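Small disclaimer: the values here were computed from a predicted structure and weren't measured. Numbered from 1 within each chain, the chains take letters A, B, ... in sequence-line order.
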Protein chains: 2
Amino acid sequence: MVPDAIPVLRSQQSGKDILDEQPAYDLIELFFFAYRDFVSDPDRILDEYGFGRAHHRVLHFVSRQPGLTIAELLDILRITKQSLNRVLKELIEKDFIESRMGTSDRRQRLLFATGKGHDLALKLAKLQTRRIMRALSGMEPEAKETVSRYLLRLIDPSDSAHVKQLVFGTNET
Amino acid sequence: MVPDAIPVLRSQQSGKDILDEQPAYDLIELFFFAYRDFVSDPDRILDEYGFGRAHHRVLHFVSRQPGLTIAELLDILRITKQSLNRVLKELIEKDFIESRMGTSDRRQRLLFATGKGHDLALKLAKLQTRRIMRALSGMEPEAKETVSRYLLRLIDPSDSAHVKQLVFGTNET
DNA sequence: AATTTTATGTCAGCCTTGTTGACATATCTC
DNA sequence: GAGATATGTCAACAAGGCTGACATAAAATT
């Protein structure tokens with residue numbers, strides 16, 4: 001125990017000591033289990049197309065943000081261009097995503113989901129939505145808003161404005 | 001739009017139509033970004049020990065549940081025993097986890113974190129707790145409870161009693 | 001106009017962590 | 001004693017990360 005005589009080590013709120021605060025095991029573990037099940041839903045369907053989770057992530061964001069560039073996608077996914085290219089190439093070959101040359105900057109590749117691509121992306125999103133809605137049903141009406149704000153605050157502060165922009169299409173606090 | 005004349009296609013609550021409900025893109029994407037940052041925290045530290053995320057998960061649950069058996073651990077992680085064994089072997093060799101023969105059933109291996117093991121597990125848990133507390137600070141006091149219940153309800157219903165038992169050490173609803 | 005920077009693509013190889021299938025051993029249960 | 005169970009292990013493979021090096025076209029700079 002750190003003695004009371006060292007007030008600089010105490011956080012401002014409720015006398016909780018930063019150095020020996022007890023781990024939030026419940027939220028840590030619930031987050032693990034919830035995410036495990038959440039991402040497993042789409043797996044069966046992706047399998048039928050010969051795709052994996054990496055394909056899902058790429059297709060999802062391209063479908064959501066038509067005209068996304070490679071650089072923007074790399075920034076969202078936080079993987080290397082080599083990793084991205086492996087799955088993106090397959091999505092393009094199998095005609096789920098289309099790559100067009102940029103208009104203002106012709107070095108850029110603007111990515112668009114094809115009809116097939118949108119269909120699959122929507123199918124997967126609805127599957128995950130089903131789980132989310134089941135969880136929210138029977139909870140207080142404010143639950144969705146609370147969860148949404150919590151998840152946003154969990155993100156690196158340096159990135160949260162960017163995420164807010166991507167997810168909500170706005171940058172307001 | 002499905003015409004109002006087909007009531008069987010409507011869910012019980014608030015007239016929301018199951019067949020064309022709009023995807024919850026916000027929660028889907030926020031969950032992705034939040035989890036991405038959440039698991040990235042421990043990575044730097046794990047690197048120093050030559051461990052990866054798989055080692056982290058094993059060490060975490062063994063540290064939290066001393067005496068865990070292989071079978072129980074496999075059920076928690078949902079991986080094959082070969083995958084588990086690869087990382088578990090390293091954790092034992094490097095003296096972060098100890099494996100003792102079961103007392104009542106001597107076929108079982110009971111897993112325990114060593115002193116070193118507990119130290120590392122705690123260090124990583126505190127790192128993740130820091131992020132969780134930062135997110136919760138400034139939110140309503142009920143936020144933690146709401147988020148916790150939401151995450152639990154996100155888990156497969158067939159598994160939620162088990163998870164509740166693991167996380168809270170109880171099985172009450 | 002020449003040079004440098006930027007956006008993207010690609011090759012080659014490596015690592016972690018998942019998978020399947022087969023088989024071995026010790027121990028418990030019937 | 002026979003069969004089921006808990007664990008360990010070998011081998012091979014796949015997905016999806018990574019690094020490093022190099023190539024090209026187009027934009028930006030000087």
remark   = Of all heavy-atom pairs linking B:Arg131 and A:Asp156, the shortest is NH2-OD1, 2.7 Å

query = Would you say B:His55 reaches C:dT17's phosphate, i.e. side-chain N/O to OP1/OP2 under 4.0 Å?
reply = yes

Between D:dG17 (C1') and A:Leu88 (CG): distance, integer Å = 16 Å

ask   = Given atom CG of A:Asp75 and atom C1' of C:dT8, what is their separation to the nearest angstrom?
value = 16 Å

request  = Would you mind telling me which of D:dG16, D:dG17, D:dT7 lies closest to the side-chain atoms of B:Lys81?
outcome  = D:dT7

query = Nearest-Å distance, CZ (B:Arg36) to P (D:dG16)?
reply = 18 Å

ask   = Closer to the 5' end of DNA chain D via nearest nucleotide, is it B:Arg109 or A:Arg106?
value = B:Arg109

task = Look only at the side chain of A:Lys123 and the backbone of A:His118, and say whether a donor-acceptor pair between them is shorter than 3.5 Å.
result = no

request  = Round to a whole Å and report the spacing from NZ of B:Lys89 to P of D:dT7.
outcome  = 16 Å

ask   = Is the closest basic N to carboxylate O distance between A:Lys144 and A:Glu142 below 4.0 Å?
value = no

task = Counting heavy atoms from C-beta on, name the nucleotide in D:dC18, D:dT9, C:dC28 closest to the side chain of B:Asp105.
result = C:dC28

inquiry  = Using whole Å, what does the distance between atom C1' of nucleotide C:dT17 and atom CG of B:Leu74 come to?
reply    = 14 Å

ask   = Between D:dG16 atom P and A:Leu59 atom CG, what is the distance in whole Å?
value = 13 Å

inquiry  = Taking only side-chain N and O atoms of B:Ser83, does any of them lie within less than 4.0 angstrom of OP1 or OP2 on C:dT19?
reply    = yes

remark   = Of C:dT17, C:dA12, C:dT8, the nucleotide closest to the side chain of A:Gln82 is C:dA12

Closest to the B:Asn85 side chain, choosing from D:dC18, C:dG9, D:dT9 = D:dT9

ask   = Out of C:dT8, D:dG16, C:dA26, which nucleotide sits closest to the side chain of B:Arg107?
value = C:dA26

message = Salt bridge check, A:Arg130 against A:Asp41: does any charged N sit closer than 4.0 Å to a carboxylate O?
response = no

request  = Remember a base hit wins even if backbone is also touched, and classify A:Ser104 as base, sugar-phosphate or nothing at under 4.0 Å, heavy atoms.
outcome  = sugar-phosphate

ask   = Just how far, in rounded Å, is C1' of D:dT9 from CD of B:Glu93?
value = 13 Å

ask   = C:dG18 phosphate, OP1 or OP2: any side-chain N/O from B:Thr80 under 4.0 angstrom?
value = no

ask   = What is the distance, rounded to the nearest whole Å, between atom CG of B:Leu110 and atom P of D:dA6?
value = 13 Å

task = Would you classify A:Arg86 as touching base, sugar-phosphate or nothing, given that sugar-phosphate means primed atoms plus P, OP1 and OP2, and contacts are heavy atoms under 4.0 Å?
result = base

remark   = B:Ile70 has its side chain closest, among D:dG17, C:dT17, D:dG8, to D:dG8

ask   = Under 6.0 Å between the ring centres of A:Phe32 and A:Phe38?
value = no

